[in-house]
Each structure stands twice: as C-alpha cells, then as structure tokens.
Amino acid sequence: MQSIYQRIEHLIKERGMTKKAFCEQLGISTGNFGDWKRGKTTPGTNKLIEIASFFNASLDWIMLGRDERGEALKESKDPYFFEASGQLNCQGEALSEAEKDFILEYIEFTRSRKEKKHGNSTAE
C-alpha cells in the first residue's frame, strides 16, 4: 500500500518536476517534506487540499489511494454523521475506524477554528 508521501511523489514525477521545485511552489520546507517521506508527519488538511488542487487530483486518491484521480465523489442526501446514518454513502466499502476517527477529528477541528474566528466558544 502506498503512503500519502508516495502518492505525492508520484504526482511530482508525473508532472516532470523536481521535489525542490514542488516544495518552492507550494511553500513547503524541505524539512517538512523529508518528515513526510520518513513517515514522521503527514501534510495537514489545508496543505493536502492545496496539493490536490495543484495537481488536479482527488483528496480521496491522495489520502487513501482510492478512486481515479480527478474523479469527483458523488454525494448522497444521507446524513454525514456516523451515529445518524451508520455509514457514509460515498463508497462501496465500509470506512475503517481510523478513517471515521479522522473525519470526526476534522469536524471538531473545523468547529474549533470557526469558534476562534468568531471569537466565541459555545459549550454544547
């Protein structure tokens, strides 16, 4: 199974770029890029979105190695919360616990960022 780094590296080679040029164009330090290679860290959400946009690739492919690059996922009208629907209806196979945790963590991150931006923190 390929890592996120390996898929990004593939995109860089496919475009005929050097890794240094890629880092410069996207504002990534070579140290961070090296950490991705060693598996020490992975790109953050905003950087993954930027990379996907830069290469016209899907986030699903970059992050998970699924679906054809550039192919949009079709959304359903089902609720997006696991407790309400039991499963997202955007792929044929069930999400792993790690994938569910990642999505829930991202939702919480988004809420936190929105609260900071608006200068309030509402306890639910």
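Residue indices begin at 1 and follow the sequence shown.
Of all heavy-atom pairs between Arg15 and Phe54, the closest is NH2-O, 2.8 Å. Minimum interatomic distance between Ile62 and Ala52 (heavy atoms only, all atoms of both residues): CD1-CA, 3.6 Å. Nearest heavy atom pair, residue Trp61 against residue His10, reads CH2-CD2, 3.9 Å.
Within the 4.5 Å cutoff, no side-chain heavy atoms of Thr18 are placed close to those of Ile12.
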Anything under 3.5 Å between a donor and an acceptor, one on a side chain of residues 35-44, the other on a protein residue two or more places apart or in another chain? List them.
| from | atom 1 | to | atom 2 | distance (Å) |
| --- | --- | --- | --- | --- |
| Asp35 | OD1 | Arg38 | NH2 | 2.7 |
| Arg38 | NH1 | Gly34 | O | 3.3 |

Would you list the atom pairs, donor with acceptor, under 3.5 Å between side chains in residues 19-28 and any protein atom, with sequence neighbours excluded?
| from | atom 1 | to | atom 2 | distance (Å) |
| --- | --- | --- | --- | --- |
| Lys19 | NZ | Tyr5 | OH | 3.3 |
| Lys19 | NZ | Glu9 | OE2 | 2.6 |

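Shown here are the salt bridge (charged side-chain N to carboxylate O under 4.0 Å, His left out) partners of Glu105, two or more places apart in sequence or in another chain: there are none. Shown here are the side-chain contact (heavy atoms from CB on, under 4.5 Å) partners of Thr45, two or more places apart in sequence or in another chain: Ile49, Tyr106. Ser96 meets the side chain to side chain donor-acceptor pair (under 3.5 Å) test with Glu99; sequence neighbours excluded.
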From CA spacing to verdict: side chain to side chain contact (heavy atoms under 4.5 Å, CB included), Ile4, Leu48: CA-CA 9 Å; Ile4 290 173; Leu48 284 169; 4.1 Å; yes

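Rounding to the nearest 0.5 Å places CG of Leu11 at 9.5 Å from CZ of Arg7.
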